[in-house]
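Input: a single structure, listed below in structure tokens.
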2 protein chains.
Amino acid sequence: MSQGEPGIELDTSVGYTLKAAASALHSALEAVLSPLGMTITHYSCLELLAQRPGLSNSELARGTFVTRQSMNVLLKALERQGLVIRPARAPVGRALPTELTARGRRQLEVASAAVRRVEQDMLANLDANEQDQMRRLLTTCIASLTEPPASAT
Amino acid sequence: MSQGEPGIELDTSVGYTLKAAASALHSALEAVLSPLGMTITHYSCLELLAQRPGLSNSELARGTFVTRQSMNVLLKALERQGLVIRPARAPVGRALPTELTARGRRQLEVASAAVRRVEQDMLANLDANEQDQMRRLLTTCIASLTEPPASAT
DNA sequence: CAATGTATGTCAGACTACTGACATGAGTCA
DNA sequence: TGACTCATGTCAGTAGTCTGACATACATTG
């Protein structure tokens, strides 16, 4: 058994296929980020900060789909490496707005190019319409999973 | 900032949306499986064994998208709990064909129903055509990510 | 103004999954 | 037959993320 030809189709469940796709993307991203000394969450955090400067620890956590505790650990590491910077005291409330440093921006540039390549590979066999459709379908699924307090019939 | 209305759209990257969907599914599954004392991989392993009895440790690992080392740890736990059973010696080669026990089948039944409900929630707002389309698109992405040794050009 | 609720940052411990490494069994080929 | 390749099972150590808990800051409400 198992000769390169796995033959696994597992009842063609959409959930299973979604997990498989996410896993494939995860592996591909790891493959290009690991040589750069970065994890996926590490990259995601920098990318998010580049697009939305001043995000807090909790906001970064939500944007990268980890807990704020995990993001806290990561942020302290990134701070120690001089990739991001946070004020010593919160300007308002408790939230500490985080910013990329020049060094962080440089590291992100390299990683971002690699990640973009991976995403292009993933979408290589889909036309613009299909990519749009896919994004739309996924977004609908997310909404259905997170909003369904309406468990009525 | 952040008032329930996140406003995050992050350049509408398909990769990001895929990660978000997988994360939402992961959370939803955890929410229903954790009360049953099971992790997602734990459930995935039992489900895979029910559909394909006799799978080896390595094959189960591939089917659940973890390393064979991780699956090995899990399998030993499941064996200790009396949910699965493996022969002491390999009938051929080194692969140990694993089987569900009656108890494992019972535990799977409960979990499987809960997981099916989650998947139905996720697909609640998609018709049959859209579900089919989504599966097709995801499968294409997986193929593009895993087969692209053709990096020419 | 005092009480409550919500959101945040952070510390500590536990768990899951990973990488690295080694030995065994089977197939391939010179 | 012997060398090589590949897949498997397993042990050990590491790393990333999680849950639990606590204190602080702001908004809401009585």
Side-chain angles (χ1 to χ4, degrees), chain A residues 1-7 19 22-23 26-31 33-35 37-45 54-81 84-98, chain B residues 1-6 19 22-23 26-27 29-31 33-35 37-45 54-81 84-98:
Chain A
M1 61 212 81
S2 82
Q3 283 268 35
E5 205 66 64
K19 187 174 175 182
S23 172
H26 189 92
S27 294
L29 288 177
E30 254 183 352
L33 289 177
S34 153
M38 305 173 67
T39 66
I40 296 180
T41 309
H42 177 139
Y43 155 75
S44 302
C45 178
L55 284 193
S56 71
N57 175 34
S58 290
E59 290 169 323
L60 287 169
R62 283 193 291 270
T64 57
F65 314 106
V66 298
T67 63
R68 68 184 192 278
Q69 292 92 331
S70 299
M71 182 50 66
N72 188 21
V73 173
L74 175 59
L75 268 189
K76 286 196 297 185
L78 296 182
E79 218 173 355
R80 202 171 345 103
Q81 297 174 40
V84 306
I85 187 170
R86 282 189 296 179
R89 293 188 46 80
V92 56
R94 297 209 70 197
L96 300 173
T98 313
Chain B
M1 64 212 77
S2 80
Q3 282 270 35
E5 206 66 61
K19 187 175 175 180
S23 172
H26 189 91
S27 295
L29 288 177
E30 253 182 354
L33 289 176
S34 152
M38 305 173 66
T39 65
I40 296 181
T41 309
H42 177 141
Y43 155 75
S44 302
C45 178
L55 284 193
S56 70
N57 175 36
S58 290
E59 290 168 322
L60 286 169
R62 281 192 292 269
T64 57
F65 313 107
V66 297
T67 62
R68 66 185 195 278
Q69 292 91 331
S70 299
M71 181 52 66
N72 188 20
V73 173
L74 175 59
L75 268 189
K76 285 198 295 185
L78 296 182
E79 216 172 355
R80 201 171 345 102
Q81 297 175 40
V84 306
I85 187 171
R86 282 191 296 179
R89 293 187 47 79
V92 56
R94 296 207 71 196
L96 299 173
T98 313

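All values reported here derive from a predicted model rather than from experimental measurement. Chain identifiers are assigned alphabetically (A, B, ...) following the order of the sequence lines, protein sequences preceding nucleic acid strands; residue numbering begins at 1 within each chain.
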Base, sugar-phosphate alone, or nothing: which one does B:T67 contact when heavy atoms must sit under 4.0 Å apart? base
Is B:L74 touching bases, backbone alone, or none of the nucleic acid, heavy atoms closer than 4.0 Å? nothing
What is the distance, to the nearest angstrom, from the [atom1] atom on [X] to the [atom2] atom on [N]?
| X | N | atom1 | atom2 | answer |
| --- | --- | --- | --- | --- |
| A:R68 | D:dA21 | CZ | C1' | 10 Å |
| A:L55 | C:dA7 | CG | P | 17 Å |
| A:I40 | D:dT17 | CD1 | P | 9 Å |
| A:L96 | D:dT24 | CG | C1' | 12 Å |
| A:R89 | C:dT8 | CZ | P | 18 Å |

[N] OP1/OP2 closer than 4.0 Å to side-chain N/O of [X]:
| X | N | answer |
| --- | --- | --- |
| B:K76 | D:dC11 | yes |
| B:S70 | C:dC18 | yes |
| B:T41 | C:dT16 | no |
| B:T39 | C:dT16 | no |
| B:N57 | D:dT8 | no |

Between B:E30 and B:S27: side-chain donor-acceptor atoms closer than 3.5 Å: no
Examine the side chains of B:T41 and B:S44 and answer whether a donor and an acceptor come within less than 3.5 Å of each other. no
Once hydrogens and angles are ignored, does a donor-acceptor distance under 3.5 Å link the base of C:dA26 to the side chain of B:R94? no
Establish whether the base of D:dG20 is bridged to the side chain of A:Q69 by a donor-acceptor pair shorter than 3.5 Å. yes
Between B:T64 (side chain only) and B:L60 (backbone N and O only), is there a donor and an acceptor less than 3.5 Å apart? yes
When the nearest nucleotide of DNA chain C is assigned to A:N72 and to A:E30 on a heavy-atom basis, which residue is associated with the more 5' position? A:N72
Looking only at non-hydrogen atoms, find the nearest pair between A:R68 and A:N57 and report the distance. O-ND2, 3.3 Å
